[in-house]
Amino acid sequence: MALSWNEIKDRAMKFSKEWAGTSNEEADAKPFLVDFFNIFGIQQRRVSTFEHRVKKLGGKDGYIDLLYKGCILIEMKSLGKDLDKAYQQAIDYIAGLPDNHCPKYILICDFEKFRLYDLEENLPHNFDLKELVQNVQHFGFLIGYQKKTYKEQDPANIKAAELIGKLHDRLEEIGYSGHALEVYLVRILFCLFSEDTTIFNKFQFQEFIEYRTAEDGSDLASKLQELFQVLNTATDKRFKTLDEQLSEFPYINGKLFEEILPTASFDSKMRLALLECCYIDWSKISPAIFGSMFQSVMNPRERRNLGAHYTSEANILKLIKPLFLDELWTEFESIKGNKNKLPEFHKKLSKLKFLDPACGCGNFLVITYRELRLLEFEVLKALNKSGEKFLNISYILWIDVDQFNGIEIEEFPARIAEVAMWLIDHQMNLMVSSEFGQYFVRLPLKKSAKIVHADALETEWENIVSKNDLSFILGNPPFIGSKIMKQIQRDQIVKQFDNADGSGVLDYVTGWYIKAAKFIQDTKIKVGFVSTNSIVQGEQTSILWGQMLNKYKIKIHFAHRTFKWSNEAKGNAAVYCVIVGFANYDTNNKSIFEYEDIKGEDHEIKAKNINPYLVDAKDLLINKSSNPICNVPKMSFGNMPLDGGHLLLSDEEKNEFILKEPKSEKFINPLISAYEFLNGEKRWCLWLVGAEPSELKLLPNVLKRAEAVKKFRLDSVAPSTQKFAATPTLFRDRNQPETYILIPSTTSENRKYIPLGFFGKDDIANNSCHTVPNGNLFHFGILMSAMHMAWVKSVCGRLESRFRYSKDIVYNNYPWPENPTEKQIKAIETAAQKVLDARLEFPKSSLSDLYDPLTMPPVLIKAHNELDKAVDLAYRPQAFTSEANRMVFLFELYEKYTADLFTKEKPKKPNKKKES
C-alpha cells in the first residue's frame, strides 16, 4: 500500500541527514539511489535498471545510472560537476531508448544538488539535499500522484482507445465476444487505471505481464484469470502458496471481478498489444471520458473520434451549477468561518441523493460526484484551518458513491458507469490524501453507485431510490426525434402521456420530462434535463407543457435557451439544445441563460417567471390554430409538385425544352422555392393549370413528362400519392393567388430578419414557402419587423438551429397591433417601401447576401431600423428595451386576444388593400 505524505516526509528527513556531507570518496550512486527510492516505498527489485546500457546518437554505448522505465531517468555526478552538461548527456541517452521506456522526468544530482526536469512541461525544479523535505511532493509521480489535465480529444486518449481497440478486435476475431468480452475489457481497463493511480503499485500490472507470462502469450489468459480471482479474494482468504507477485495485489471486491468468465486466448501480438496499453499513462485520462472512450473501442470507426460519445464537462456544468451546485457553494461561503455550522453543512452534503434516469456511461454522475467531493474538500480545509491533522481521514470523508443512482437501457454502459464512479472516487481520495498527509483508499470496495440496467420509461423509479430520499434528478435523455422513433418508443410516449391528443408527435425525450413530473409530486426534488430545443418551440410545446403545468403543477426554475451541443465530434450532426430545470414548487430565484451566439457563451438574466418558451412571461401555451387570431389574410402553403422532378426545369433545361418545343413556353413559369428566392437563382416549372387538352396534344415532350409523373405517382406505396396519378399534368397542391407575400419556410437563425418578398400569379410559389395571399405593405412591414422576429425566435419550431416557420403556430397566433391608427399604418407602409427600395440599390446581391449580418448594407440596416421603430409605435409609445421585453408584451397581448376567443369579437384593424 502506498505511503502517506507524512511517512514520505519523515523518510526524506532521515535520508537528508544520513547523506549530508558526503564526500566524493564516499559517494556511491547505487546505495544513494536505493535509499532515495526507499523514501517512497519503492523496492529495489522494481528499480533494478542500474547502469542501463543504451546506444547514443553517435552509435557509441552509454550507461544510464538509473532508468525507471517510462517514468524517470537519473544521472548522478560527483560533487561540483557541471549539471547542465549532465542534463544534455541524459537527453542524448533518451534518443537511444524505445518509446515505451522513454522517461517523463529527468533527475540530475551530485549528492548535494538536485535538479528535476518535467519533460512534458519543460519545467525544472532546483533544490539542495537539505531542502528535499520541502520538495518531496515533486516526486509524487513515482507513486501515482499526478497533475491531471483532461482534454476530450487529447492524443493520449485517442492512442489509449486505439490500443485497447486492437486488443478488442483480436479477441473478437478469435470468437471471444458479447457480454464476456465487454466485462473482460472493463476489468483490464480497471487494472490499467489502477497501476497509474495508486490502487495498485506503480507498474504492478505491467510487471506481472512482463515477468509472469510467456512472450508467445500462450499462458496470458490463464494468468489474467488467476489475477482476476485474486483481486476478488480477501487477503486473508488467499492461498498461502500464492505467487509473491500476485499476493501483492490488493483485494478489490465491488463485484467487478466476481463473475466467472470464459477463458480467453492470446498470442504474442495480443500480449504485446496489452503491454502497449500498459505503457500509456492512464492517470491522465479522466474517468469522465472513461465510458466514452470505451464505447469508441467497441466501434472501430469511432476510435479517433471520442467526442462522438462524450458530453463535455462544460455542458454538464451548465446543468448542475444552477440545479444545485451554485446554491451549495453560496451556502458554504456564508458559513465557512463558522465551525458550528460547517459540520451541519457537511452532513447535508452526505445526505444528498442523485438519479440520472438515462445515465449512459455515467458522465453526468461522475462530474456531479467530483464537484460534490471538491466542495467537501473545501469544507474539510475550512474545518482544519488551525493546521491540525485529522487522526483518520476515513472518518471525515462522508460523501460516497452510494449517494448516486442511474438507469441505463444497455448493460455495458451501465457497468462502465459503475466502474467510472469508483475511479473518480479514488482520484478524489488521492487529492484529500495529498492535502492531509494520509494515504486513503476505499479498498476493498464496499459501496457502489446503484446503476440499474433497465428501460427508464418502463421502470418504477421508486424501486431504485425512494422519492423521500432523493434530492435531484439530472441527465440528458435520448435525443430521438418523433419522425425517427421506433413504434415501440412512440407507444411508450403515448402511454406516459395517458393517450393525450397529439402525444404521438412528441420527441422521445418528453417521456423523461413527464415521468419525472409524476415522480416528484409533493416533494422538493429538483430536476434538470438537457433536451433538444423542440420541446420549447413549435407544436410540441403546448402538448408537453400543457400536462407539465396544468396537470402536474410544474414550475421552471432555470433554463438555458438554445445553444449548440458541443461534444468535439468530427462530422457530427449539429444538435441544438436547451436545458430546463424544474420542480413541483415555485421559487423566487429564477434564471434564464441567454446566448447572443448559440455557439458561444451564455449570460444569466434573473426572471420573475419562466414560461414553456423559456421567456420571462406568464405561463401560457400557444396551441395550433387553423385561423389567425387577428383580422389578417389567411396564410397558405406553397405549391407541392409531388412529381418526381418531372415538372421542374433548371435554367438550362428550360432553354433546351423551348428549343425543342417552342409552343410550350407559355406554360413554363418561374418556380420560387425558398432556396431560389434567398439566393437569387432561377428555376422553372411546367404550370399546366387551365391548359386546353387540344394544346397539350400538340406538345409531345410535355406529355412525355406528364406520363413520367403519372408513373412516379402510381409506383408510390402511399395511396394518397397514387390518387394524384389521375391528374399528372398538375402539381399536387395548387394555391396560387393574384398577388402574395412569400415567406421561406426554413431560414438561417443568423439573420436578424427573415427576408420576405412580393410576387404575382405567374410566379409559382414552391411548397418550401408560405404565402400571404393579397398581402400589402402593412402586412409586409409587420412581418419584417423586430417585433415579429422576437415572436418567431420564441415560438417557431427549428430545423437544427434554423427557423422553421409555420402558419398554425407562428403566423395564426401572432398578436398584431391592436387597433392601429391610420397614421401608424401609413408610417409602417412608408418604412416598408423604403426597405424594398434599399434592396433595389443592390441588383447584383441576393437576399442571402443582403441579410447576412456581416454584409448587410448600411442603407438597408437604416431602413429596417426605421421600420422597427414604426412597428413598435403601433404597439405602444414606450420603447422596447430588449427582445425579452418585447416577448413579455406580446405574450400579454396574445393572452388578451385569446381570452374568451369564441365569445368576444377579434381585434380589428383597418382593411388596407394597398399593395407593393
Side-chain angles (χ1 to χ4, degrees), residues 483 537-538 573-574 576 598 635-657 668-687 705 709 712 730-737 739-773 775 780 783-784 788-789 792-793 796-807 810-811 835-836 839-840 842-857 860 916:
K483 293 180 180 178
Q537 296 165 345
Y576 294 88
I598 58 172
M635 179 174 276
S636 300
F637 286 111
N639 303 279
M640 177 181 278
L642 195 67
D643 66 332
H646 301 295
L647 295 177
L648 310 183
L649 301 162
S650 67
D651 218 23
E652 186 178 347
E653 287 171 333
K654 172 219 169 191
N655 293 332
E656 288 178 2
F657 200 87
I668 297 177
N669 287 30
L671 180 71
I672 315 297
S673 74
Y675 181 82
E676 279 78 32
F677 171 63
L678 293 171
N679 293 283
E681 297 190 12
K682 291 182 178 179
R683 203 170 174 210
W684 308 85
C685 67
L686 287 167
W687 189 251
R705 285 187 171 246
V709 173
F712 169 78
L730 303 177
F731 278 33
R732 190 196 79 169
D733 300 322
R734 299 177 299 284
N735 301 303
Q736 197 60 21
T739 64
Y740 60 92
I741 297 171
L742 182 138
I743 303 177
S745 298
T746 304
T747 183
S748 170
E749 78 286 355
N750 295 323
R751 299 186 183 110
K752 189 175 179 181
Y753 308 95
I754 297 176
L756 313 182
F758 283 98
F759 290 93
K761 65 177 181 179
D762 294 330
D763 300 301
I764 311 304
N766 185 253
N767 60 295
S768 62
C769 304
H770 287 86
T771 62
V772 179
F780 176 86
L783 295 174
M784 285 238 54
H788 180 248
M789 284 305 301
V792 168
K793 290 176 186 177
C796 87
R798 304 268 179 147
L799 182 61
E800 296 172 348
S801 63
R802 290 171 288 160
F803 299 128
R804 187 167 57 189
Y805 200 94
S806 73
K807 68 181 185 69
V810 183
Y811 181 81
V835 167
L836 294 170
R839 292 180 186 177
L840 294 174
F842 305 92
K844 294 181 180 178
S845 298
S846 67
L847 289 171
S848 183
D849 298 329
L850 291 171
Y851 283 89
D852 186 312
L854 295 176
T855 57
M856 193 171 182
L860 184 56
S916 175

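Remember, predicted model here, so these are calculated numbers, not experimental data.
- Every ring pair (Phe, Tyr, Trp, His ring centres under 6.0 Å) that Tyr753 has, sequence neighbours left out, goes to His864.
- Note: Asn669 CG to Arg683 CZ = 14.0 Å, rounded to the nearest 0.5 Å.
- Minimum interatomic distance between Arg751 and Leu678 (heavy atoms only, all atoms of both residues): NH1-CD1, 3.9 Å.
- Residues Cys769 and Ala674 come closest through the heavy atom pair SG-N, 3.3 Å.
- Residues Tyr851 and Ile754 have side chains not in contact (no heavy-atom distance under 4.5 Å, counting atoms from C-beta outward).
- Here the closest non-hydrogen pair linking Leu648 and Glu653 is O-OE1, 4.1 Å.
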Return all side-chain donor-acceptor pairs below 3.5 angstrom for residues 759-766, not counting sequence neighbours, or 'none' if the list is empty.
from: Asp763; atom 1: OD2; to: Gly760; atom 2: N; distance (Å): 3.4
from: Asn766; atom 1: OD1; to: Ser768; atom 2: N; distance (Å): 3.2
from: Asn766; atom 1: OD1; to: Ser768; atom 2: OG; distance (Å): 3.2

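- Contact detail for Pro755 and Phe677: the closest heavy-atom pair is O-CE2, 3.4 Å.
- The ring pair (Phe, Tyr, Trp, His ring centres under 6.0 Å) search around Phe657 returns none, not counting sequence neighbours.
- Counting heavy-atom neighbours within 6.0 Å of Tyr675 OH, excluding the residue itself, gives a total of 12 or less.
- Considering Thr771, Ile672, Asn735, Leu671 as possible partners of Asn639, the one that fulfils the side chain to side chain contact (heavy atoms under 4.5 Å, CB included) test is Asn735.
- Between atom CZ of residue Phe731 and atom SG of residue Cys685 there is a gap of 4.0 Å, rounded to the nearest 0.5 Å.
- With contacts defined as side-chain heavy-atom distances shorter than 4.5 Å, the pair Asn767/Pro641 qualifies.
- Note that the CZ atom of Arg705 and the CG atom of Leu647 stand 8.0 Å from one another [nearest 0.5 Å].
- For the ring pair (Phe, Tyr, Trp, His ring centres under 6.0 Å) test, residues two or more places apart in sequence or in another chain that qualify with Phe780 are Phe758.
- Looking only at distances, a side-chain donor or acceptor of Asp849 sits under 3.5 Å from a matching main-chain atom of Ser846.
- The shortest heavy-atom contact between His788 and Leu783 is ND1-O, 3.0 Å.
- Legend: residues meeting ring pair (Phe, Tyr, Trp, His ring centres under 6.0 Å) with Trp684, ordered by chain and number and at least two apart, are absent.
- The structure places CD of Glu652 at 14.0 Å from NZ of Lys682, a figure rounded to the nearest 0.5 Å.
- Nearest heavy atoms, Met784 versus Arg839: SD-NH2, 3.2 Å.
- Using the six-membered ring where Trp is involved, His770 and Phe637 have ring planes that are tilted, between 30° and 60° apart.
- In this structure, the side chain to side chain contact (heavy atoms under 4.5 Å, CB included) partners of Arg732, at least two apart in sequence or on a different chain, are Met640, Leu642, Phe724.
- From Glu749, atom CD reaches atom CZ of Arg804 across 13.5 Å, with rounding to the nearest 0.5 Å.
- Distance check, rounded to the nearest 0.5 Å: CZ of Phe803 to OG of Ser748 gives 7.5 Å.
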| request: Determine, stepwise, if the pair Val792 / Tyr805 fulfils side-chain contact (heavy atoms from CB on, under 4.5 Å). | output: CA-CA 7 Å; Val792 168; Tyr805 200 94; 3.8 Å; yes
